[in-house]
Protein chains: 2
Amino acid sequence: MDEKDIVLVNELIENSRAPLTHLAKKLGMTDVAIKKRLKKLEKEGVIRKYTIEVDPTKLGFKHVALIGIDTEPEKILDVSTQLASKEYAYKVYLTTGDHMLMLEAWAKDNKHLTQIIEDIGKIPGVKRVCPAIILEKLK
Amino acid sequence: MDEKDIVLVNELIENSRAPLTHLAKKLGMTDVAIKKRLKKLEKEGVIRKYTIEVDPTKLGFKHVALIGIDTEPEKILDVSTQLASKEYAYKVYLTTGDHMLMLEAWAKDNKHLTQIIEDIGKIPGVKRVCPAIILEKLK
DNA sequence: ATTGAAACACGACACAT
DNA sequence: ATGTGTCGTGTTTCAAT
């Protein structure tokens, strides 16, 4: 990881479909050198995956919610693996703080969100479900 | 937005550098047709950007924190725009729930995180800062 | 650095709604 | 008329020598 790698990563964060030759120009090297750096960054796990950022509302999801979940301490891993397998789970985090588990969920509408919250509540070991709807994404 | 678009978006979420021809095979059409769909999805804002998912720890950030922030109600927009301009702010959300503002912050180390929390506390209108460190990302 | 193969961009045209 | 598809051509990009 040197300065060039940082620039490269930042370029890819902005546009992961940029051709190697474009990246090469920006960094002042050849496409082959860029390719090698990418391979290295992928292998090291710096780049987890090439992906897209989508607008959930445009995909028919009216609500995006951050849901804090409290569990019985010994059940936290069970609960988290179960959550991660749910189709409504977009992201699952183990955290310190108020809640030990945080979930980002995408819901089609109010009814769906209610279902999700109920579904989480039914997972054995879950003590409390604290949903917060994301009203706006500012960054 | 039809079934094909959904498949296409899901493929790109998994690998945004997939060549058009690969995507074309999966969807049973030509690369040109795929390209046209991509253009449409980009124009409609379904695809916000082609990006990469990086591992913050590999970039030298030891901590990723989800920070809930309480503000005086009339200051919430001021605070949120200020937060969005901070270099440590990776994501900023306006939410319902416990805290009206949620921030995802990347910190180089403990000291940096402390600084960030103090910095947030100093923004006029901020009443309470509730940090939660993300221990593990499960999905 | 060269080069052959693969992937991509663009235009013109066709078909359906 | 608009949206969506195929085909043909020339160019760019890739990956392996």
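So you know, we letter chains A, B, ... as the sequences are listed, proteins then strands, and number each from 1. Predicted model, so just to flag it, every value in this text is computed and none were measured.
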Residues B:His63, B:Asn110; criterion side chain to side chain donor-acceptor pair (under 3.5 Å); working and verdict: CA-CA 8 Å; B:His63 302 303; B:Asn110 291 30; 2.7 Å; yes
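- Spacing between atom CG of B:Leu38 and atom P of C:dA7 amounts to 16 Å, rounded to whole angstrom units.
- Using a cutoff of 4.0 Å between basic side-chain nitrogens and carboxylate oxygens, B:Asp5 and A:Lys58 are not scored as salt-bridged.
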Please write out the pairs of protein N or O atoms and N or O atoms of nucleotides 15-17 of chain C separated by less than 3.5 Å, giving the distance to one decimal.
none

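- Ion pairing between a basic and an acidic side chain is recognised when a charged N comes within 4.0 Å of a carboxylate O; A:Glu11 and A:Lys26 show such pairing.
- By the 4.0 Å N-to-carboxylate-O rule, A:Lys75 lies too far from A:Asp70 to be salt-bridged with it.
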Tell me, for nucleotides 5-17 of chain D in 5' to 3' order, what letter each nucleotide earns: B for a base near a protein heavy atom under 4.0 Å, S for only sugar-phosphate near one, - for neither? BBB-----SSS--
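- For the segment residues 5-15 of chain B, no residue has any heavy atom less than 4.0 angstrom from an atom of DNA chain C.
- Residues meeting the ring pair (Phe, Tyr, Trp, His ring centres under 6.0 Å) test with B:Tyr88, sequence neighbours left out: none.
- Not counting sequence neighbours, A:Tyr50 has no partner by the ring pair (Phe, Tyr, Trp, His ring centres under 6.0 Å) test.
- Residues meeting the side chain to side chain donor-acceptor pair (under 3.5 Å) test with B:Thr95, sequence neighbours left out: none.
- Hydrophobic clustering of Ile, Leu, Val, Met, Phe, Trp and Tyr side chains at less than 4.5 Å, counting indirect connections, keeps B:Leu66 apart from A:Ile76.
- Heavy atoms from other residues, nucleotides or ligands lying under 6.0 Å from NZ of A:Lys62 number 12 at most.
- One finds no salt bridge joining A:Glu104 and A:Lys91 here, because no Lys/Arg side-chain nitrogen approaches an Asp/Glu carboxylate oxygen to under 4.0 Å.
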